[in-house]
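Source: prediction; values computed, not measured. Residue numbers start from 1 in every chain, and the chains themselves are labelled A, B, ... in the order their sequence lines are given, proteins ahead of strands.
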Amino acid sequence: MPELPEVEVLVRHLRPQLRGKIIRAVHVRRTKVLQPTTPRELQRALAGAKFKNVTRRGKHLLFELRSPAAGKDFQLLGHLGMTGRMFLARKKEPLPKHAAVILDLGTEHFIYEDTRYFGRLTLDTSAVEKLGPEPWDAAFLPEEFRRQLKKSRQPVKVKLLDQSLVAGVGNIYASEALFRAGLSPRRAANRISRAEARKLLSAIRAVLQEAIDGGSTLPLNFQTGESDGLFYFGRAAGAPDYFSERLNVYDRAGKPCIHCGAAIRRIVQAARSTFFCPHCQKR
DNA sequence: CACCATGTTCCTTG
DNA sequence: CCAAGGAACATGGT
């Protein structure tokens with residue numbers, strides 16, 4: 001999926017577009033993405049509701065709505081899974097092949113499209129309660145981070161994907177953060193020192209923030225799939241091709257490390273690819 | 001045909 | 001009950 005930075009960039013893009021818009025009708029093409037909400041429940045809740053705001057928690061999008069009929073506010077939770085996209089399009093535009101849910105906003109459609117249907121658009125917001133702290137939570141101190149790492153013997157790379165540890169880190173930025181911190185992805189989580197925990201938390205924050213900054217600066221295309229594999233969203237027509245230099249280790253197996261020139265290695269941990277520099281990231 | 005993919009959840013095992 | 005490992009979900013690209 002889109003990890004925290006991509007979701008944050010999307011939220012900033014959608015917020016001004018959705019605010020104040022009213023949902024006229026709801027079309028569910030793939031029931032699976034709603035569960036445990038039923039299509040009927042979704043229609044009943046959303047028809048006539050107005051978008052008040054859009055926020056992010058971890059990799060989840062939170063749509064805040066107001067229902068005039070019921071006279072109360074409620075939330076809709078979105079998750080892009082591995083291949084989800086959410087965007088507004090003119091009604092005359094053809095719907096994408098894998099459109100899962102379409103919200104009729106009057107003059108436009110709000111489309112949730114997802115090739116593999118791993119994502120969610122649901123009234124069940126309970127997933128958010130299981131998340132760990134946001135990376136920038138001021139109360140999330142390196143000591144607390146280390147205390148949590150101490151509880152696991154898993155490799156630190158695998159542990160970083162645990163959303164109850166820190167919310168929002170995914171497979172790409174886990175490798176990027178460890179490279180930035182100079183820590184081996186194979187190091188057991190419970191063998192990380194105080195200094196290393198501090199470094200790793202800073203690296204996570206830096207790597208995510210840089211990605212958000214990059215994504216919010218550039219003209220992006222939220223509808224198309226041509227993302228270069230380097231930033232989840234595609235480039236808008238005429239936008240600079242600077243994506244190719246954004247990631248330092250992810251998907252760079254065999255290529256030289258930007259610091260020492262050693263060949264970047266790819267290994268498999270918990271059935272996911274991990275990339276690292278064997279020279280700069282020793283055990 | 002084989003393997004790979006930005007994620008999460010469920011099931012099994014110990 | 002818990003941690004850890006692996007399969008499953010579903011589709012497409014190389």
Side-chain angles (χ1 to χ4, degrees), chain A residues 1-11 29-36 56-61 77-86 96-100 112-122 124-132 148-179 186 188-191 204 207-208 210-212 214-215 220 222 224-235 243-244 246-254 266-275:
Chain A
M1 121 187 206
E3 305 182 28
L4 184 153
E6 290 80 13
V7 177
E8 177 63 26
V9 167
L10 176 61
V11 163
R29 300 272 216 92
R30 190 61 83 116
T31 306
K32 177 186 189 264
V33 303
L34 271 49
Q35 55 182 291
R56 178 193 59 72
R57 179 77 171 87
K59 303 175 192 175
H60 300 266
L61 297 103
L77 178 140
H79 194 291
L80 301 177
M82 293 273 266
T83 52
R85 293 170 183 282
M86 293 184 185
K97 182 177 178 186
H98 299 291
Y112 162 41
E113 177 257 329
D114 193 343
T115 308
R116 293 166 75 181
Y117 304 108
F118 285 175
R120 282 285 182 284
L121 191 65
T122 175
D124 174 21
T125 59
S126 63
V128 161
E129 293 151 28
K130 298 164 194 155
L131 296 175
Q148 296 301 322
L149 290 171
K150 275 281 169 215
K151 298 198 285 194
S152 171
R153 277 163 297 197
Q154 282 185 307
V156 60
K157 152 63 167 35
V158 175
K159 201 58 199 165
L160 286 182
L161 300 182
D162 179 350
Q163 300 300 296
S164 71
L165 175 68
V166 198
V169 178
N171 205 42
I172 291 177
Y173 296 106
S175 282
E176 293 295 320
L178 288 164
F179 174 73
R186 301 198 257 212
N190 62 357
R191 291 175 60 188
I204 290 168
V207 153
L208 297 177
E210 283 176 13
I212 291 171
L220 298 170
F222 293 85
T224 68
E226 38 151 319
S227 69
D228 305 6
L230 300 152
F231 197 83
Y232 182 72
F233 305 110
R235 265 198 314 279
F243 290 132
S244 50
R246 234 173 40 79
L247 302 176
N248 292 318
V249 284
Y250 185 82
D251 206 20
R252 285 178 47 81
R266 172 186 181 272
I267 58 173
V268 174
Q269 297 179 294
R272 314 289 309 271
S273 291
T274 299
F275 299 87

Report task. For Asp124(A) and Ser126(A), test the side chains for any donor-to-acceptor distance below 3.5 angstrom and give the result as yes or no. Result ->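 The answer is yes; a qualifying pair exists.
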Phosphate OP1/OP2 of [N] contacted by [X] side-chain N/O (<4.0 Å):
{"X": "Arg120(A)", "N": "dC9(C)", "answer": "no"}
{"X": "His79(A)", "N": "dT8(B)", "answer": "yes"}
{"X": "Ser273(A)", "N": "dA5(B)", "answer": "yes"}
{"X": "Lys32(A)", "N": "dA10(C)", "answer": "no"}
{"X": "His60(A)", "N": "dG7(B)", "answer": "no"}
{"X": "Ser152(A)", "N": "dA4(C)", "answer": "yes"}
{"X": "Lys97(A)", "N": "dG12(C)", "answer": "yes"}

Rounded to the Å, how far apart are [X] [atom1] and [N] [atom2]?
{"X": "Arg272(A)", "N": "dG6(C)", "atom1": "CZ", "atom2": "C1'", "result": "13 Å"}
{"X": "Leu80(A)", "N": "dT11(C)", "atom1": "CG", "atom2": "C1'", "result": "16 Å"}
{"X": "Tyr250(A)", "N": "dT6(B)", "atom1": "OH", "atom2": "P", "result": "4 Å"}
{"X": "Met82(A)", "N": "dT11(C)", "atom1": "CE", "atom2": "C1'", "result": "11 Å"}
{"X": "Leu161(A)", "N": "dA3(C)", "atom1": "CG", "atom2": "P", "result": "17 Å"}
{"X": "Tyr117(A)", "N": "dT9(B)", "atom1": "OH", "atom2": "C1'", "result": "20 Å"}
{"X": "Leu131(A)", "N": "dT9(B)", "atom1": "CG", "atom2": "C1'", "result": "14 Å"}
{"X": "Gln269(A)", "N": "dG6(C)", "atom1": "CD", "atom2": "C1'", "result": "15 Å"}

**Report entry** Strand DNA chain B in bracket notation, Watson-Crick/G-U under 3.5 Å with | for pairs to another chain
**Finding:** .||||.||||||||
With rounding to whole Å, what would you report as the distance between [N] and [M] at their [atom1] atoms?
{"N": "dT6(B)", "M": "dA4(C)", "atom1": "C1'", "answer": "24 Å"}
{"N": "dA10(C)", "M": "dC11(B)", "atom1": "P", "answer": "15 Å"}
{"N": "dG13(C)", "M": "dT8(B)", "atom1": "C1'", "answer": "22 Å"}

**Report entry** Trace of the side-chain contact (heavy atoms from CB on, under 4.5 Å) decision for Leu121(A) with Asp114(A)
**Finding:** CA-CA 11 Å; Leu121(A) 191 65; Asp114(A) 193 343; over 6 Å; no
Query raised in the report: Any donor-acceptor pair under 3.5 Å joining the side chain of Arg116(A) to the base of dA5(B)?
Result: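 Such a pair exists between side chain and base.
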Query raised in the report: Please walk me through it: do Arg85(A) and Leu80(A) pass side-chain contact (heavy atoms from CB on, under 4.5 Å)?
Result: CA-CA 6 Å; Arg85(A) 293 170 183 282; Leu80(A) 301 177; 5.7 Å; no
Query - Toward the 5' end of DNA chain B, by each residue's nearest nucleotide, Arg266(A) or Phe118(A) - result: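 Per heavy-atom nearest nucleotide, the more 5' residue is Arg266(A).
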Requested in this report: Using a heavy-atom cut-off of under 4.0 Å over every strand shown, decide if Lys159(A) touches base, sugar-phosphate, or nothing.
Outcome: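 No contact at all - Lys159(A) keeps every heavy atom at 4.0 Å or more from the nucleic acid.
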Query raised in the report: Base, sugar-phosphate, or nothing: which does Arg153(A) touch, judged by heavy atoms less than 4.0 Å apart?
Result: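 Sugar-phosphate, no base atom in range.
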Query raised in the report: Is there a side-chain contact between Thr274(A) and Val158(A) (heavy atoms, below 4.5 Å)?
Result: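 Answer no - side chains too far apart.
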Report task. Examine distances only and state if a side-chain atom of Gln163(A) and a backbone atom of Gly168(A) form a donor-acceptor pair shorter than 3.5 Å. Result ->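 Yes, Gln163(A) side chain to Gly168(A) backbone: donor-acceptor pair under 3.5 Å.
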Query raised in the report: Judged by atom type as modelled, is there a donor-acceptor pair below 3.5 Å linking the side chain of Gln154(A) to the main-chain atoms of Ala189(A)?
Result: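 Checked: no pair found.
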Query raised in the report: Roughly how far apart are Arg56(A) CZ and Glu8(A) CD, rounded to 0.5 Å?
Result: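 One finds 4.5 Å between CZ of Arg56(A) and CD of Glu8(A).
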Out of [options], which has the shortest distance to the side chain of [X]?
{"X": "Thr115(A)", "options": "dG7(B), dA4(C), dT11(C)", "result": "dT11(C)"}
{"X": "Arg30(A)", "options": "dG7(B), dA10(C), dT6(B)", "result": "dA10(C)"}
{"X": "Asn171(A)", "options": "dT11(C), dG5(C), dG7(B)", "result": "dG7(B)"}

**Report entry** Phe179(A)/Val207(A) under side-chain contact (heavy atoms from CB on, under 4.5 Å): CA gap, chis, key distance, verdict
**Finding:** CA-CA 10 Å; Phe179(A) 174 73; Val207(A) 153; over 6 Å; no
Query - CA sep, side-chain torsions, deciding dist, call: Leu165(A), Leu149(A), side-chain contact (heavy atoms from CB on, under 4.5 Å) - result: CA-CA 8 Å; Leu165(A) 175 68; Leu149(A) 290 171; 3.9 Å; yes
